[in-house]
Amino acid sequence: MAGPETAAGPRRGPGPDVHELSIANEIVAVAERTAGGLPVAVVRVKVGRLRQVVPEYLDFYFEAAARGTVCEGAAMEWERLPSLLRCDQCATEWDPAPAPARTEDELLVDFRCPGCRSGLHSVVSGDELLVESIDVEDPDPQQGRGPGPEAGRKASPAPGKGGG
Amino acid sequence: MHRTTVKVADGALDANQTIAEANRADFDRASVSVVNLMSAPGAGKTRLLERALERAEGNRVGVLEGDVRGSLDADRLSLLHVPVVQINTDPAFGGECHLDANMVRSAIPDLPLDEIDLLVIENVGNLVCPAEFRVGEHRRWMISSVAEGEDKPLKYPLMFRSCELVVVNKIDLLPHVDFSVERFLANLERVNPEAETILTSARTGEGIDAWRERLLGPAAAGRPAGASA
């Protein structure tokens with residue numbers, strides 16, 4: 001197989017905490033559905049802080065997952081969204097996982113309401129794992145060979161604990 | 001060459017979620033309640049299932065066994081005369097470290113849904129990926145063994161947050177490991193205040209009755225995973 005296959009890690013496969021590869025495969029699939037066969041130059045992704053996804057790893061595995069697809073060579077731009085919960089009982093809003101400090105502090109989360117100590121909450125922000133937009137290279141925009149039928153499809157929220 | 005930006009705003013896992021919902025609809029039509037059982041490798045998923053199912057009189061239970069390779073676990077469970085279907089993620093899916101909705105979908109035709117009321121999906125041992133991929137389950141449970149350490153809820157919050165029951169297994173090892181049940185429960189409380197817990201030792205049998213009743217008893221028919229406690 002041509003290319004630095006080993007340098008970039010396995011094309012697919014299990015390993016310690018490399019589930020970013022599985023996620024990267026899903027992101028490539030979403031971009032492919034949207035691109036309508038056109039080459040993709042940029043994929044923009046939003047990752048909430050409550051997701052167990054390290055965007056830096058996602059970058060790395062995106063390159064591997066994109067190989068042989070319309071996303072090959074595309075840049076991935078990611079944005080981290082803050083975590084914010086709202087208490088179902090008293091409507092207090094709080095961040096259960098303040099900014100990572102790369103120390104043990106990073107692990108100090110609290111999903112119980114600081115106001116009334118209720119354990120029931122809704123996620124306002126932080127559960128996102130979204131493909132926000134893509135840039136496609138259109139050789140002739142007048143031809144109307146635009147992005148596929150999936151483009152502009154109604155977004156649905158990423159699965160997560162959210163309501164239960 | 002002209003560059004166009006196309007708005008997508010799709011969840012990266014929407015495709016998986018759509019298939020998971022189709023699976024769930026199939027399970028609902030057959031009136032089969034589905035538990036997605038997850039843990040790190042070696043926490044005791046298969047052993048705890050054996051302990052529960054060796055006295056499963058009158059319960060119609062099936063198991064969907066997910067492993068990267070081989071059928072060692074499925075072979076063990078078959079001895080208990082319950083229907084077991086094996087999914088290997090290795091040959092067809094490149095050795096994925098979790099089951100996704102499509103893999104479960106492909107196994108549904110092999111499952112005797114008319115003959116069972118409860119399906120346990122034993123996921124691939126992993127605390128990371130299975131937390132992300134719903135497969136059509138009603139309930140998400142996990143097993144955490146004391147040998148893994150008391151800090152795991154803080155290190156794998158997505159997994160611990162997404163489960164309504166955490167079985168703390170291998171408590172017979174407590175005298176030999178640096179694991180405080182109290183500190184583990186406090187850590188769990190930080191990430192999932194509503195989680196239910198059962199302490200078990202599949203080896204000595206301690207807590208096994210409670211585990212079996214939770215899995216097979218009246219309470220096992222419980223509320224769906226989507227509902228709040």
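To find a chain, count down the sequence lines: A is the first, B the second, and so on, and within it residues start at 1. Scope of the values below: all heavy atoms of this structure, side chains included, with no hydrogens, waters or symmetry mates.
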Could you grab the distance from atom [atom1] of [X] to atom [atom2] of [Y], nearest 0.5 Å is fine?
X        : Y        : atom1 : atom2 : result
A:Ile23  : B:Glu132 : CD1   : CD    : 4.0 Å
A:Glu132 : B:Thr5   : CD    : OG1   : 11.5 Å
A:Leu129 : B:Asp10  : CG    : CG    : 11.5 Å
A:Phe111 : B:Arg161 : CZ    : CZ    : 4.5 Å
A:Glu26  : B:Gln17  : CD    : CD    : 11.5 Å
A:Arg112 : B:Glu194 : CZ    : CD    : 6.5 Å

Residue part contacting chain B, namely of A:Val42, when any heavy atom lies under 4.5 Å: side chain

Sub-4.5 Å side-chain heavy-atom contact between A:Asp138 and B:Arg3: no

Could you pull out the closest heavy-atom pair between [X] and [Y], with the gap in Å?
X        : Y        : result
B:Ala15  : A:Arg33  : CB-NH1, 3.8 Å
B:Ala12  : A:Ile27  : CB-CG1, 3.7 Å
A:Ser22  : B:Cys129 : OG-SG, 4.1 Å
A:Ile134 : B:Val8   : N-CG2, 4.0 Å
B:Leu13  : A:Arg51  : CD1-NH2, 3.6 Å

CA sep, side-chain torsions, deciding dist, call: B:Val6, A:Val136, side chain to side chain contact (heavy atoms under 4.5 Å, CB included): CA-CA 7 Å; B:Val6 185; A:Val136 293; 4.1 Å; yes

A:Arg86, CZ atom: more than 12 neighbouring heavy atoms under 6.0 Å: no

